[in-house]
Amino acid sequence: MPLSTRTMALQPKHLTRSYVLLLFILFITSFISTTHAACSKMDQHSLFSSFDIASSSLNWTSQDCCRWEGITCDPAGRVTRLLLPSKRLKGVISPFLGNLTHLSHLNLSHNILYGHLEAGFFLSLSRLQILDLSYNLLSGELPLSPPPIYIRIVDLSSNQFNGTIPPSFLQRAWNLSNLNVSNNLLKGQIPSFNCSYSPFLRSLDFSHNDFSGIIPLGLGNCSKLELFRAGFNNLLGTLPSDIHKARALEEVSLPSNKLSGAIGENIANLTNLAILDLYSNQLSGTLPLHIGKLSRLKFIILHFNNLESFLPPSLMNCSSLTELNLGFNQLEGDLSVLNFSKLTQLIKLDLMSNHFTGPLPTSVYSCKSLIALRLSSNDLEGQIQHEILSLKSLSFLSLSFSRLTNVTGAMKILKDCERKVPVWLSKLKKMEVFDLSANRLTGSIPGWLGTLPSLYFINLDDNFISGEFPKELCRLKALRSEKAATQTDHGDFELPIYYRSVNVSASMLQYKYLSNMPPTISLRNNSLSGNIPRDIGQLQLLHRLDIGFNNFSGNIPHQISNLRNLEILDISGNHLFGEIPASLSNLNFLSSFSVAYNNLQGQIPLGTQLQGFNATAFEGNPGLCGSPLPNKCPKKSPGDSDTTKDREDVHDSGNGIPWLQISVSLGFIVGFWGVCGPLALSRSWRYTYFEFFSNIADRFVC
Ligand SMILES: *[C@@H]1O[C@H](CO)[C@@H](O)[C@H](O)[C@H]1NC(C)=O
Ligand SMILES: *[C@@H]1O[C@H](CO)[C@@H](O)[C@H](O)[C@H]1NC(C)=O
Ligand SMILES: *[C@@H]1O[C@H](CO)[C@@H](O)[C@H](O)[C@H]1NC(C)=O
Ligand SMILES: *[C@@H]1O[C@H](CO)[C@@H](O)[C@H](O)[C@H]1NC(C)=O
Ligand SMILES: *[C@@H]1O[C@H](CO)[C@@H](O)[C@H](O)[C@H]1NC(C)=O
Ligand SMILES: *[C@@H]1O[C@H](CO)[C@@H](O)[C@H](O)[C@H]1NC(C)=O
Ligand SMILES: *[C@@H]1O[C@H](CO)[C@@H](O)[C@H](O)[C@H]1NC(C)=O
Ligand SMILES: *[C@@H]1O[C@H](CO)[C@@H](O)[C@H](O)[C@H]1NC(C)=O
Ligand SMILES: *[C@@H]1O[C@H](CO)[C@@H](O)[C@H](O)[C@H]1NC(C)=O
Ligand SMILES: *[C@@H]1O[C@H](CO)[C@@H](O)[C@H](O)[C@H]1NC(C)=O
Ligand SMILES: *[C@@H]1O[C@H](CO)[C@@H](O)[C@H](O)[C@H]1NC(C)=O
Ligand SMILES: *[C@@H]1O[C@H](CO)[C@@H](O)[C@H](O)[C@H]1NC(C)=O
C-alpha cells in the first residue's frame, strides 16, 4: 500500500515540489487500482484451466485477468464477457468454464473446439445473454438443460452437433431473438415455437441439418420474426398454415426439402417479404393470385417444384423483383400476355423447362437490368425481335429447345450487336466454354477454335457436322498446359448450368462455377470422318473425350494413352479397326469407357483394368475377343496391329451453308446460334443441351 495523505502531511517542509508531486501521483494510482478490482481468483483460475493458452494466439501474461485480451469484468472483478473468436483455441470446452458464473457474453466462434457440451452446460451460466460457439468442431447432443431466461442470441451453427433439439430448449427463453443451429447434424422435429414465451424472436435458422417431420405451428404468433430458414433438411408437409400471420417476415427460405401442397393465397399477406426461396421441393398448385401485393419481393426462387397452371398477372406488379426463378415446373400459358415492363429491377429471369407457349414477350425487352435470361425448353414460338438489343447488360441468353424460327434473322439481329470485328474477336479469345450441341449445324468444325487460348470445353454433340477432327484442336492451350488452364476465368455463372449426368442416369449435374466444368471435347453423334489425329495425345488436361457415333476410321492412336486425366473415353459407333492399344490401360482415372460398335480386332489387352469394364463397352466388334467378352481368342495372327495409311477425306461442306464461313463473317454471333438455333427437341441425347455461353466476364455486350 503506498503512502497515505496523512503520512505526506507529516513530511518536513524542505521537501521539494517534485517529491510532493510524485507522492500525489502515487496516491492517485493507488486510488484507481482499488476501484478497478483485480480479477477474481476463481475466475482467473477457471480461465487458465479452460483454455490451452500455449497453442492459441492469446497473450494472457499480465497479473490481472480483467486486463487480458477478450475479457471484460464487472466492478467486483467477476468476468462478464469472454470474447475470443478466431483465436486458434483448441481443445474441449472445459467444465471450468461453468465457474464463470457472471458471464453474460460468450463468443468462442471460429476456433478448433471439439467434444460435447455437458448436459448441465447452461445450469451455472444463469446470466448468459449471448452465446456464440459457431464454426467449431463441437459434437454430441445439445445440453439437456435449456439456455437461461436472459438468453438473447444462440449461435451453435457450423459444428457437428447431433441428436434432436430437446423440446424444452426454447421454452423459457423470454428474450430470445436469434437462434442459429444451421450446418450441424441435428435431426428429429424442428422444435415448436410459442412466441407467447419468446415474443422477441427475430431470426431462426435451422438450415443444413437432417430435420424431418412437419414444420410445427406457432410461428404465426411471432410478431417480430423477420427471418425463417430451414432449407436443406427433410421437412415434409405443407408450409405452416399460420405462417402468414407472422407479418414481420422478410425472408422465408426452405429450399431442398420435401414440402408439398400449394404455397397458398395467404402468403400474399406477408407484405414485408423480400425473399421467398422454396426451390427443390414438391410444391404444387398455382402461384398465389395476389402475389402482386408483395411489393417488396426481391427474390422468388421456386425452381424444381411441381407448380402448375398460369402465372398470375399480378406477379408483374412485384416491381422490386431482382430474381425470378420458376424453372423446372409445370407452368403453362401464353407468356406474351404478361406485361414484364414494370420489372425494371429484374436481373435474372429463368423460366426454363416449363410449358409456356406463345411468342417471346416483347415486354421482356423493357427489363433493362436483365443480365441473365433463360426461357429454354418451353414451347415458345416466333422470332427474336430487334428490341433484344436494348438489353445492354445481358450476358447470359438461353432460348434453346423451343420452337423459335428464323435463325437467319436472329443472327442478323444479334450481329448488329457488334460491328467492330476486332472487338468480337477479342471477346472470342476469352471464350472458355463452347456448347452448340443439339442444333442442326452442318459443315465442318472450324480450325480456328484451336487458337482460342482459354477454350477447354467443346460440346458439339448431336449435329450434322462433317469433315475431319481438326488437327488444330490438338493445340488448344487450355487443354495442354497447366499454366494456361489456371489463367482461365473462375467466375460463376449468372444462372447454374445443368447437364444430365453421364454415369448416374436421371440425375442432373449442376454447374455454378465455370472452373467446375470438366475439360471436355465431345463431338458425339455427328458425321465426322477420317482418322483420330495422333496429336490428340497432347491434350493432357482433357477429362472427357467423346467422339462416339461418327464415321471415324483408322486405328485407335496409342497416343490417347498420354491423356492421363481422362475419366471418360467413348469412341464407340465408328469404323475403327486394328487392335486396342495395350497402353490404354495407363488411363488410371477412366470411369467410363466404350469402344463398342467398331471393327476392332484381336485380344482385349490382358491383365489390365480395361477388363474391369462391362462387356457392353466392347460389344459389336466381331473381331474382338477375350475377357470381358464371352468369346475366347484364337491364336494371334500376325499383322493385326499394322497401322493403316491415313485416309484423307474430301472436305465436304454439305448442302447447308458452310459453318466456318458463317462464323467468320458473323463474328461471335456464331455462339448464339446454339441459343436461338433450330431447336427440335429429342429426348434420346446423351447430354441434354441447354444453352450456349461464352466467356463469363464480358460475354455479350451490345
Ligand atoms: C503481451 O502483452 C504484454 C502487455 O500486456 C506486452 O508487453 C507483450 O509484448 C505482449 N507479448 C506479445 C508477444 O505480444
Ligand atoms: C470449478 O469447476 C470445477 C469443474 O466443474 C469444479 O471441480 C470446481 O470445484 C469449481 N471451482 C470452484 C471454485 O467453484
Ligand atoms: C462473435 O465474434 C465474431 C467475430 O468478431 C462476430 O462476427 C460475431 O458477430 C460474434 N457473435 C455474436 C453473437 O455477437
Ligand atoms: C429481457 O430484456 C429486457 C430489456 O433488455 C430486460 O429488461 C428484461 O429484464 C429481460 N428479461 C429477461 C427475462 O431476461
Ligand atoms: C447462421 O450461421 C451460418 C454459418 O454457420 C451463416 O451462414 C448464416 O447466415 C447464419 N444465419 C443467420 C440467419 O444469420
Ligand atoms: C452423436 O455423435 C456422437 C459422437 O460424436 C455419437 O457417439 C452419438 O452416438 C451420436 N448421437 C446420435 C443421436 O446420433
Ligand atoms: C403459448 O403460451 C401461452 C402463454 O403462456 C399459452 O397460453 C399457450 O397455451 C401456449 N400455446 C401453446 C400452443 O403451447
Ligand atoms: C398463439 O397465441 C395465442 C394467444 O396468446 C395462444 O392462445 C395460442 O395458443 C398461440 N398459438 C400457438 C400455436 O402457439
Ligand atoms: C390474408 O389473406 C387472405 C387470403 O388472401 C385474405 O382473405 C385476408 O383478408 C388477408 N388478411 C389480411 C389481414 O390482409
Ligand atoms: C397492379 O397494380 C396496379 C397499380 O397498383 C393495379 O391497378 C392493378 O390492379 C394491379 N394488377 C393486378 C393484376 O393485380
Ligand atoms: C427473319 O428475321 C429478319 C430480321 O428480323 C426479318 O427481316 C425477316 O423478315 C424474317 N424472315 C421471316 C421469314 O420471318
Ligand atoms: C453390363 O451392362 C448391361 C446393360 O447396361 C447390364 O444389363 C449388365 O448387368 C451389365 N453387366 C455387368 C457385369 O455389370
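We're numbering straight along the sequence, starting at 1. First listed ligand is number 1; within each ligand, the first listed atom is number 1. Scope of the values below: all heavy atoms of this structure, side chains included, with no hydrogens, waters or symmetry mates.
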Side-chain heavy-atom pair Leu331, Leu351 within 4.5 angstrom cut-off: no
Closest to atom 12 (C) of ligand 10 among Leu289, Asn317, Asn339, Leu315 (heavy-atom distance): Asn317
Side chain, backbone, both or neither: the part of Lys342 lying under 4.0 Å from ligand 10 by heavy atom: side chain
Donor + acceptor pair across side chains of His355, Gln330 (<3.5 Å): yes
Per-atom contacts of ligand 6 with Ser139, taking only distances under 4.0 Å to non-hydrogen atoms: 5 (O)
Protein non-hydrogen atom below 4.0 angstrom of atom 9 (O) of ligand 4 present: no
Sub-4.0 Å heavy-atom approach of Lys187 to ligand 6: yes
Sub-4.5 Å side-chain heavy-atom contact between Asp155 and Asn178: no
Side chain Ser134, main chain Ser109, donor-acceptor under 3.5 Å: no
For atom 13 (C) of ligand 6, the protein heavy atom that lies nearest, with its residue and separation: Glu141 OE2, 3.6 Å
Atom 4 (C) of ligand 6 [closest protein heavy-atom partner, distance rounded to 0.1 Å]: Asn162 ND2, 4.6 Å
Cysteines Cys39 and Cys66 with SG distance under 2.5 Å: no
Asn234 side chain vs Phe211 backbone, donor-acceptor pair below 3.5 Å: no
Distance filter under 4.0 Å to Ser314 heavy atoms, resulting ligand 10 atoms: 12 (C), 13 (C), 14 (O)
Centroid-centroid under 6.0 Å between Phe328 and Phe304 rings: yes
Identity and distance of the protein heavy atom lying nearest atom 2 (O) of ligand 4: Asn175 ND2, 2.2 Å
